[in-house]
Amino acid sequence: MAIPNMQIPSRQLFIDGEWREPVKKNRLPVINPATEEIIGYIPAATAEDVDIAVKAARRALGRNGWGSTTGAQRAKFLRAIAAKVLEKRPELATLETIDNGKPWFEAASDIDDVVACFEYYADLAEALDSKNKTEVKLHLDSFKTHVYKEPLGVVGLITPWNYPLLMTTWKVAPALAAGCAAVLKPSELASITSLELGEICREVGLPPGALNILTGLGHEAGSPLVSHPDVDKIAFTGSGPTGIKIMTAAAQLVKPVTLELGGKSPIVVFDDIPNIDIAVEWTLFGCFWTNGQICSATSRLIIQDTIASQFLDRLLEWTKNIKISDPLEEDCKLGPVISRGQYEKVLKLISTAKNEGATILYGGERPQHLKKGYYIQPTIITDVDTSMEIWKEEVFGPVLCVKTFKTEEEAIELANDTKYGLGAAILSKDLDRCERFTKAFQSGIVWINCSQPCFWQPPWGGKKRSGFGRELGEWSLENYLNIKQVTQYVSDEPWAFYKSPSKL
Ligand SMILES: NC(=O)c1ccc[n+]([C@@H]2O[C@H](COP(=O)([O-])OP(=O)(O)OC[C@H]3O[C@@H](n4cnc5c(N)ncnc54)[C@H](O)[C@@H]3O)[C@@H](O)[C@H]2O)c1
Ligand SMILES: C[N+](C)(C)CCCC=O
Ligand code: NA
């Protein structure tokens with residue numbers, strides 16, 4: 001397929017179904033990480049815009065337009081959005097690539113996931129109509145109790161830059177399916193496709209105020225959204241430090257949050273793997289996909305010592321074969337990291353690893369053939385000690401660190417030696433052993449003989465410092481529903497707790 005060339009559309013904030021200039025008229029530059037050039041501008045929302053958007057969302061809930069829709073009616077809008085996204089797939093993939101830096105074919109695959117997600121939540125919205133009032137059997141005949149599932153209200157959705165439209169969709173699709181009205185604040189580092197979602201919602205006639213999109217800086221737009229008294233819940237995906245700030249601010253209003261944060265996930269490889277090349281490829285994909293910027297990246301390779309030398313030799317051969325290029329090129333497999341800040345952060349972590357005594361087995365620098373752009377070679381670091389920063393801290397770049405083990409106990413201890421708890425992978429022919437590791441891993445996601453595959457039906461999320469709450473599947477719909485208990489007294493007899501005055 002020919003990759004379309006695109007200019008960044010000039011957009012405003014998307015509020016109440018219209019494009020509106022920010023109150024302070026500020027804009028932020030959009031930088032293409034492959035060229036380091038400014039390719040456009042996005043509006044920079046501030047607290048004043050947040051208040052306007054939250055009011056629009058609240059009105060949408062009160063109006064007949066959105067607030068009283070059935071799940072089946074909401075499903076129609078979600079399916080129409082899915083169809084429009086599919087229609088615009090090539091253009092959206094190009095916009096994602098020039099804004100985020102991920103290879104075009106990865107971006108296009110993300111767009112496919114976006115379509116599937118909106119369709120999936122359309123089905124769940126439809127099914128909700130028969131589940132939003134269910135009876136609970138009691139031990140007394142004098143009462144009847146029902147449980148209602150109703151939209152939580154106005155929800156604030158704050159998303160990161162690594163899968164821009166997909167992370168937006170993971171929140172917007174279930175929130176709309178549940179009947180909430182949403183205010184979305186995408187990352188200022190990659191907002192373009194989220195704004196295009198606003199245009200798609202406008203084109204399909206989504207009722208005004210159901211979805212509002214505010215681009216801008218975290219402290220200028222995200223923070224006021226978290227603290228706004230008329231926002232009922234915050235769903236956040238991003239870094240740990242920001243998650244802590246958001247949770248602290250939300251706590252002042254006893255506002256519920258879901259936090260999908262960082263990770264430093266292990267991939268444990270045993271010497272009984274039936275095919276070393278298959279294991280090597282999963283190891284590469286688990287860390288270097290999406291230019292290494294994956295929350296769930298299995299960025300700690302824990303390899304049995306009996307196979308370590310052979311495995312690393314083969315891993316090196318595969319790594320050298322990864323095509324690093326402009327992400328718009330046909331078979332690019334590694335593009336630039338998102339920004340100069342991220343580029344410098346990753347290189348600093350690599351240099352610290354070297355200074356602490358680790359060995360840079362491969363990579364660790366800018367690729368020689370790419371003089372512009374935030375490119376970093378796929379990097380493999382060995383002779384790592386568990387006291388080192390490279391072992392403990394999330395890099396969020398194409399950097400794999402390696403340690404060996406002798407026994408299962410040692411492997412489990414190394415795997416769980418992290419403050420995070422998002423994902424964990426084990427590659428072994430012995431499925432009983434895989435089951436033992438599944439139980440022993442302190443994580444929310446386990447991959448067996450693979451790493452990273454993610455589907456919209458199962459739950460996604462972690463524990464420890466990777467946050468709490470689950471997205472995707474039915475779990476995500478529950479994030480946006482209020483559970484209401486309704487108990488009715490159905491007897492004709494007096495309650496008779498107090499003596500009636502006539503009997504005194
Ligand atoms: N668990 C997951 O599913 C998942 C997915 C993607 C990224 N992440 C994590 O996100 C991090 C990288 O993404 P990032 O750099 O965009 O994270 P980030 O925390 O810097 O920003 C995430 C979002 O929060 C906003 N924000 C920043 N400060 C804020 C504040 N004080 N109040 C409200 N909003 C604020 C940003 O504008 C952005 O929209 C990594 O740690 C990665 O592991 C996790
Ligand atoms: C799309 N993945 C690979 C499941 C990751 C989503 C969230 C983490 O970056
Ligand atoms: Na960008």
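Every value quoted in this text rests on a predicted model; they were computed, and no experiment measured them. Indexing begins at 1, ligand by ligand and atom by atom, following the structure's order.
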Ring geometry between F285 and W289 (parallel below 30°, tilted from 30 to 60°, perpendicular above 60°): parallel
Heavy-atom neighbours of E48 CD exceed 12 at 6.0 Å: yes
Euclidean distance, T46 OG1 relative to H219 NE2, rounded to 0.5 Å: 10.5 Å
Neighbour list for ligand 1 [protein residues, heavy atom under 4.0 Å]: I158, T159, P160, W161, N162, K185, P186, S187, E188, G218, G222, S223, F236, T237, G238, S239, T242, K245, I246, E260, L261, G262, C295, E394, F396, L422, W460
Side chain to side chain donor-acceptor pair (under 3.5 Å) contacts touching residues 157-166 (sequence neighbours left out): Y163-T290
Interatomic spacing from CD1 in I381 to CD1 in I360 - rounded to 0.5 Å: 4.0 Å
Value rounded to 0.5 Å, distance of CZ in F468 from OG1 in T258: 8.0 Å
Residue pair I31 / L189, side-chain heavy-atom distance below 4.5 Å: no
For ligand 2, which of its N or O atoms have a protein N or O partner closer than 3.5 Å, and how long is each gap?
from: ligand 2; atom 1: 9 (O); to: N162; atom 2: ND2; distance (Å): 2.7
from: ligand 2; atom 1: 9 (O); to: C295; atom 2: N; distance (Å): 2.9

S194: partners by side-chain contact (heavy atoms from CB on, under 4.5 Å), with sequence neighbours left out: T168, L184, P186
Angle, O of I31 through the Na ion (ligand 3) to OD1 of D99 - 10° precision: 120°
Identified side-chain contact (heavy atoms from CB on, under 4.5 Å) partner of N291 from the options P103, P398, P327: P103
Non-hydrogen side-chain atoms of M247 and I244 separated by less than 4.5 Å: no
